[in-house]
Structure formats: C-alpha cells, structure tokens
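Below: one structure, written as structure tokens.
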There are 2 protein chains.
Amino acid sequence: MTRPRTRIQQKNSETILEAALEVFSTYGFRGATLDQIADVAGLSKPNLLYYFPSKEAMHQALLTRLLDTWLDPLRELDEAGDPVTEILAYVRRKIELSRDYPRESRLFANEILQGAPRMQAAIEGDLKRLVDEKSVILSRWMDQGRIARLPPQHLIFSIWALTQHYADFDSQVRAVLGPGHDPFAEAGDYLDTLFRKLLAP
Amino acid sequence: MTRPRTRIQQKNSETILEAALEVFSTYGFRGATLDQIADVAGLSKPNLLYYFPSKEAMHQALLTRLLDTWLDPLRELDEAGDPVTEILAYVRRKIELSRDYPRESRLFANEILQGAPRMQAAIEGDLKRLVDEKSVILSRWMDQGRIARLPPQHLIFSIWALTQHYADFDSQVRAVLGPGHDPFAEAGDYLDTLFRKLLAP
DNA sequence: GTCTATACGACGATAGAC
DNA sequence: GTCTATCGTCGTATAGAC
C-alpha cells in the first residue's frame with residue numbers, strides 16, 4: 001500500500017498500523033475513530049493522515065498484510081508428510097497464531113462478521129483456492145485410509161473455529177475458566193487430543 | 001427494560017428491536033447508527049427514542065433477552081440421560097440456534113470480541129455458574145467411564161466454537177464451499193460424527 | 001404518538017503556519 | 001514532517017408543533 005522511503009517514515013508507519021490494529025480489532029472499522037488511533041499511536045490526527053490518505057487506507061493496509069500471515073500455516077500442509085503429523089502441526093501453528101496475534105485474529109473476525117465487505121475478493125479468490133487445493137490432499141489421504149473419512153472443508157473449518165475461538169472469545173474463555181489457567185496451553189493439549197481421535201481411521 | 005402497555009406500543013417496540021438486532025449484529029454497538037436502525041424499522045429517528053430512552057437502552061434490551069435464549073440449550077443437559085445422547089442433543093440444538101438465529105449469534109460475538117463491556121457481569125455470573133454446574137456433570141460421566149476423559153470446560157468451548165462458527169463466519173463458509181451447499185445441514189452431520197468419535201471412551 | 005426542526009458534540013479530512 | 005485551527009458532515013438526543 002504505502003511505501004515509505006526513509007527510516008523515520010518506516011517507523012511512523014509501523015507505529016500507526018500498530019495503533020490502528022489495536023483499535024480496529026476491538027471496535028471494527030466503523031466503530032474505530034482516528035482520534036483513538038492517534039491517541040494510542042501518540043501522534044496527532046493530521047499526522048496520521050500524512051502517512052495514510054484515509055482511515056480506509058489504514059484498514060486496507062492491515063487486511064492486506066494480515067491475509068498472508070493468516071494463510072501461511074495452511075500453505076505448509078505437506079502431502080509428502082505423515083497425514084496426522086501434518087494436520088496436528090497445522091493445528092499447533094494455528095493455536096500459536098491465536099496466542100501470539102490475538103488482535104489480528106479479532107480484526108479478521110470483525111471483518112467476516114460484517115460480511116467481509118473489504119475482503120470478499122480475497123476470500124473468494126486466494127482463500128478459497130488454497131482451501132480447495134488442500135482439500136484435495138486431505139481427500140487423497142482419506143482415500144488411502146490414512147485418516148478417517150470426513151468432509152475436508154468442514155475439517156478445515158473446525159480447525160479454524162476451534163483455534164480462533166481462543167483469541168476471538170478470549171474474554172469469555174478467561175471469565176469462565178477463572179484465575180490460574182493458561183487457556184492457550186490447555187487448548188493446545190486439548191485440541192491435540194481432539195484431532196488425534198477425530199482423524200483415527 | 002421497557003414495559004409497553006398497549007398493543008401498538010408492543011408492536012413498535014418489537015419492530016425497533018428487530019431492526020436494532022439487524023444493525024447491531026452487523027456493525028457492533030459503536031458502528032451502528034440510529035439512522036440505519038430507523039431506516040430498517042421504517043420509523044423516524046425521534047420515534048425510536050420515544051420507545052427507548054437511548055441507543056444504549058436498545059442494545060441492552062437485546063442483550064438481556066439474548067442471554068437466556070443462548071444458555072437454554074445447555075440448561076437442558078440432563079445428568080439422568082445417556083451421556084453421549086445428551087451431549088449430541090446439545091450440539092444439535094446449538095447448530096439449530098446458529099441456523100435459525102444467526103444475527104443473535106453475531107450480536108453476541110460482537111460483544112465478546114470487544115471484551116464484553118456490556119455483558120461482563122452476566123458472563124462472570126450466570127454463564128460461568130451454568131458452565132461450572134454442567135462441568136461437574138460431565139466430570140462425573142468421565143469418572144464413570146461413560147465418555148472419554150477431557151477437560152470439561154474446553155469440551156463446552158469446542159461445542160460453542162464449532163456451532164457458532166457457522167453463524168458468525170457464514171459469509172466465509174459460503175464463499176469457501178461455493179454454491180450448491182447447505183452449510184448448516186452438513187455441519188449438523190459433521191459435528192455429530194466429530195463428537196461421537198471424541199466422546200467414545 | 002409521530003413528525004419537523006434543531007441543538008451540539010464527534011467524526012474524517014484539509015489548510016496553512018512553522 | 002508536524003503542528004493548530006477549522007471545515008463540513010454525521011452522530012445522538014431533544015424541543016415543540018400537530
């Protein structure tokens with residue numbers, strides 16, 4: 001999107017996107033305000049608009065960089081590997097992503113909740129293509145009897161739902177568990193067990 | 001919240017809440033505007049504020065009525081029944097709720113995503129209490145060897161995550177599956193299989 | 001009960017001094 | 001590059017006629 005030249009520009013753009021992520025991920029696009037973002041970034045509102053032409057542009061910059069990060073773990077799913085190992089490794093990478101980048105997860109969730117008005121092309125394009133491609137691999141593994149026969153797209157949905165839940169519904173998870181819990185560590189173990197049992201032929 | 005006396009008031013309050021649900025569930029509290037709600041309701045903006053003292057009050061009215069509907073399926077989980085049958089029935093009721101009341105699901109998701117600022121008391125109170133209570137039942141079933149030993153709270157989280165995903169991420173699910181699919185019907189079958197395998201001792 | 005008109009603050013974005 | 005000041009619009013909410 002924006003292509004800063006100098007190091008100062010680089011750094012300020014980063015600061016702004018970091019602040020924008022914080023605010024957009026909590027309130028969604030329309031609920032977020034430039035005043036809030038400026039406040040979090042420690043910069044003036046006009047200064048924000050010196051680096052990005054509009055509120056929309058900041059949001060777009062975040063979404064663009066997000067999609068790749070988000071899909072990378074699935075890209076790594078390797079047909080040559082052992083099926084169960086590969087899928088469990090994918091689940092583990094996804095739960096780590098939820099733990100380390102919860103705001104990115106919530107930004108994504110906000111966008112999809114609203115009907116993906118600013119990501120529709122990416123979802124119908126790159127994302128669908130990748131899921132289709134990996135579904136073929138999963139189906140082949142099922143044909144070979146190496147994992148249980150399940151609808152491959154729904155299997156992928158369930159990995160997304162279960163891992164992202166811990167980032168997106170973090171406040172609920174922590175409230176229900178009470179103090180003295182490490183939700184992501186527990187989720188890692190639980191989901192490992194869950195998918196082992198599910199995938200057993 | 002509001003206690004309308006006449007039938008006309010009843011009906012208008014209903015119309016407003018219906019429109020408010022439509023808008024709040026898509027844009028979240030801050031992203032929603034009274035103009036939009038008035039437009040959807042087919043009423044004037046001041047007329048909205050004749051029935052509800054504020055935007056906040058409309059939102060609160062929706063959340064209050066939502067929580068009961070949302071927790072009812074879990075309340076029905078009966079210790080006296082067969083464990084697997086009871087849990088699968090719960091999953092089925094939850095997926096039906098996602099299918100029939102997707103806007104309510106998204107309203108809830110929006111609220112939790114934002115850190116549950118207007119539901120914290122309910123989550124730490126009623127919701128946590130109910131989960132704790134049902135976790136005890138699940139643990140007893142596990143002690144008796146009637147279902148697999150799993151962390152009961154995370155088992156409940158996984159039911160929530162998997163069923164609500166189909167309402168909250170509906171646009172993504174449909175984009176990925178492409179035309180000619182019935183997401184909720186497929187999800188019903190898939191989740192039945194998933195939990196049967198997971199719960200087998 | 002429902003409308004038009006409007007108060008008044010917050011919003012995104014711009015102008016222009018430095 | 002960064003600021004203060006400000007524009008025009010849209011936001012919630014209210015006043016007051018009917």
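These values consider heavy atoms only, across backbone and side chains, with no hydrogens, waters or symmetry-generated copies. Nothing here was measured: the structure is a model prediction, and the numbers come from that model. Letters A, B, ... are given to chains in the order of the sequence lines, protein chains preceding strands, and every chain is numbered from 1.
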Any chance you could lay out the side-chain hydrogen bond (donor to acceptor under 3.5 Å, both in side chains) test for B:Thr85 and B:Asp82, step after step, and finish with the verdict?
CA-CA 5 Å; B:Thr85 309; B:Asp82 171 65; 2.6 Å; yes
Examine A:Arg30 relative to B:Tyr27 and say whether NZ or CZ is less than 6.0 Å from the centre of the six-membered ring and inside a 45° cone about the ring axis.
yes
Pair B:His59 and B:Phe52, ring centroids less than 6.0 Å apart
no
Please round to 10 degrees the angle between the axis of the first five pairs and the axis of the last five pairs in the helix from C:dG1-D:dC18 to C:dC18-D:dG1.
10°
Considering all heavy atoms, the nearest B:Leu198-A:Lys197 contact
O-NZ, 3.1 Å
Return each pair, listed once, that meets side-chain hydrogen bond (donor to acceptor under 3.5 Å, both in side chains) where at least one residue sits in residues 108-117 of chain B; pairs must be two or more places apart or across chains.
none
Extract from the structure each pairing of a protein N or O with an N or O of nucleotides 12-14 of chain D at less than 3.5 Å, listing the distance.
unit_1, atom_1, unit_2, atom_2, d
D:dT12, OP1, B:Ala32, O, 3.4
D:dT12, OP1, B:Leu34, N, 3.2
D:dT12, OP1, B:Lys55, NZ, 3.2
D:dT12, OP2, B:Leu34, N, 2.8
D:dA13, OP2, B:Lys55, N, 2.8

Walking along DNA chain C from 5' to 3', note the first and the last nucleotide with an atom under 4.0 Å from a heavy atom of chain A, and give both.
C:dC11 to C:dT14
Classify the ring geometry between A:Phe24 and A:Phe29 as parallel (under 30°), tilted (30 to 60°) or perpendicular (over 60°).
parallel
Is A:Phe184 atom CZ crowded by more than 12 heavy atoms from other residues, nucleotides or ligands, each under 6.0 Å away?
yes
Under 3.5 Å donor-acceptor pairs involving side-chain atoms of residues 168-176 of chain B, not counting sequence neighbours:
unit_1, atom_1, unit_2, atom_2, d
B:Asp168, OD1, B:Ser105, OG, 2.7
B:Asp170, OD1, B:Arg174, NE, 2.9
B:Asp170, OD1, B:Arg174, NH2, 3.4
B:Asp170, OD2, B:Arg174, NE, 3.0
B:Ser171, OG, A:Ile112, O, 3.3

Taken in chain and number order and not counting sequence neighbours, the residues that satisfy side-chain contact (heavy atoms from CB on, under 4.5 Å) with B:Ser54 are B:Glu56, B:Ala57
Over 60° means perpendicular and under 30° means parallel, so classify the ring planes of B:His154 and A:Tyr166, tilted if in between.
parallel
